[in-house]
Amino acid sequence: MHVILHNVMVSAFVSCGRIDEAKHLFEQMKERNTASWNAILVGYAKGGLKVESFNLFREMHEADVEFDALTMATIINLCASLLALEHGEKIHGLVIKKGHVNSSVVLETALVDMYAKCGAIEKARIVFDMVNDKNIVSWNAMITGYSKHGYSKEALILYEKMQREGIYPNEVTFLSVLAAYSHTGLIEEGLRISISMLEDYEVEAKAEHDSCMVDLLGHAGLLEDAKEVIEKMPIEPQVSTWGALLGACRVHNDVDMERFVANRLFELDPQNPGHYVLMSNIYTAAGRWKEVEDIRQMMKIKGVRKDPGISWIEINNELQIFHAVSKMHPQTEEIYCTLRHLTLRIKGLGYIPDTTFILQNVEDITKEEEEESLLQHSERLAISLGLISLPEKSTIRVFKNLQTCSDCHTATKLISKITDRHIIVWDTNRFHHFENGECSCGDYW
DNA sequence: GTAGGGTTAG
């Protein structure tokens with residue numbers, strides 16, 4: 001009886017965000033059951049205390065406390081947010097071992113989402129197909145997964161299948177479906193579904209949906225129409241709405257529209273380095289060197305610095321993290337040797353390093369130094385380590401904290417070809433599946 | 001015999 005009362009109190013503290021008090025009470029409890037541990041685990045997870053959550057889970061394991069579906073779902077969700085595939089797989093194994101398969105849609109959906117987010121989209125599909133009572137969240141997890149991986153066709157096919165099975169789409173579904181239409185350039189279909197969303201499904205467009213429409217039209221080159229969407233929005237456009245239009249300006253080298261968008265973004269989100277990088281790229285492509293310099297100066301004055309690029313790869317359950325030109329890794333010698341070798345070979349296939357879009361923070365460096373640093377971008381170091389360390393033919397999964405640069409994108413396509421490897425790069429927005437010289441994003445990003 | 005979990009665009 002005592003334990004239940006205590007559990008309720010721990011949960012109450014957690015739901016008010018008073019983690020310290022919850023923890024204090026939890027630690028003082030003489031008797032604890034699964035629910036007690038879950039209460040505090042959920043508290044940690046909600047508070048974004050990832051390391052603490054994992055430690056607690058380990059303690060639970062060591063103390064031989066029974067897990068239930070909630071414990072598993074919470075920890076799987078955590079793996080997803082950390083992009084930790086190997087950890088996630090281990091826990092999936094535990095789910096199976098403990099007989100929790102088919103015990104809860106929530107847990108199974110969490111697994112689908114984890115596999116998709118960690119780059120294992122085929123595995124996500126296998127788990128998805130085994131979910132007995134798929135609900136809208138399960139379908140959304142899988143459709144979104146496909147969309148994020150650049151598999152738009154699969155996303156749309158699944159959307160059709162979902163409807164045939166009598167599941168009603170919701171606002172989340174439409175975000176992914178609109179994105180899939182945008183990626184495949186199906187403008188008419190995208191427009192049609194944005195109308196049908198309200199008329200047939202009574203789902204009201206939120207700012208996020210408008211951002212998708214801006215992206216859909218903007219990427220297709222209909223920049224004026226995209227702008228009109230923003231102007232007609234009944235709600236205040238978000239930074240991301242303007243961001244979508246800025247992205248479209250980059251794709252279509254539209255300097256005039258960029259100026260218009262830039263002014264809005266300077267007001268709304270002046271400290272975001274990503275916007276400045278995009279702007280600089282647009283001016284560079286147009287050969288407007290004075291404006292490129294202006295952007296640099298503006299960043300200096302406002303104290304905005306481009307985030308340093310970081311890439312990481314999971315090898316034997318451990319994360320290996322790289323900065324550009326970093327020489328910290330114990331296998332540095334081998335990594336650089338492999339990289340030099342690869343660069344030579346892809347140059348043989350016609351690769352020419354493109355240093356045009358490099359945005360320097362402060363000092364000027366020579367063309368040669370620029371090229372040298374480009375060839376050692378963090379994702380290339382991570383890929384190189386993957387090639388050395390992972391079993392032959394196995395998929396290489398690399399994660400990056402920024403959008404991948406177009407030169408690395410070109411180089412990785414060629415590297416996938418000459419090494420005959422499936423290379424997956426996650427770059428904050430989406431997954432790029434490089435296979436046989438091509439990328440699943442279709443060069444759309 | 002508690003109360004808790006999974007999906008969101010560029």
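By convention in this document, chain letters (A, B, ...) are assigned in the order of the sequence lines, proteins followed by strands, and residues within each chain are numbered from 1.
No contact: A/H209 has no heavy atom under 4.0 Å from any strand. The residue A/T173 sits apart from the nucleic acid: no heavy atom pair falls under 4.0 Å. At a threshold of 4.0 angstrom between heavy atoms, the contacts of A/V105 include nucleobase atoms, whether or not backbone atoms are also involved. At a threshold of 4.0 angstrom between heavy atoms, the contacts of A/N7 include nucleobase atoms, whether or not backbone atoms are also involved. Among the protein residues, A/A179 comes within range of the sugar-phosphate backbone only, with heavy atoms under 4.0 Å from sugar or phosphate atoms but none that close to a base. In this structure, A/D210 reaches neither bases nor backbone, as no heavy-atom distance under 4.0 Å exists between it and the strands shown. Residue contacts for A/A69: at a heavy-atom cut-off of 4.0 Å it reaches a base atom on one of the strands shown. Nucleic acid contact for A/T241: none, since no nucleic acid atom lies under 4.0 Å from a heavy atom of the residue. A/T144 comes within 4.0 angstrom of sugar-phosphate atoms only, judged by non-hydrogen atoms across all strands, and of no base. Using a 4.0 Å heavy-atom cutoff across all strands shown, A/H183 reaches sugar-phosphate atoms only and no base atom.
Side-chain N/O atoms of A/N140 and base N/O atoms of B/dG6 include no donor-acceptor pair closer than 3.5 Å. The base of B/dG5 sits with one of its N or O atoms less than 3.5 Å from a complementary donor or acceptor on the side chain of A/S104.
For the pair A/I230 CD1 and B/dA9 C1', the interatomic distance rounds to 13 Å; values are reported in whole Å. As rounded to whole Å, 9 Å separates atom C1' of B/dG6 from atom NZ of A/K117. A/L223 places its CG atom 14 Å from the C1' atom of B/dG10, with the value rounded to the nearest Å. Look at CD1 on A/I40: it is 16 Å from C1' on B/dG5, rounded to the nearest Å. Atom C1' of nucleotide B/dG4 and atom CZ of A/F57 are separated by 16 Å, given to the nearest angstrom. Here B/dG10 presents its C1' atom at 13 Å from CE of A/M233, a figure rounded to the nearest Å.
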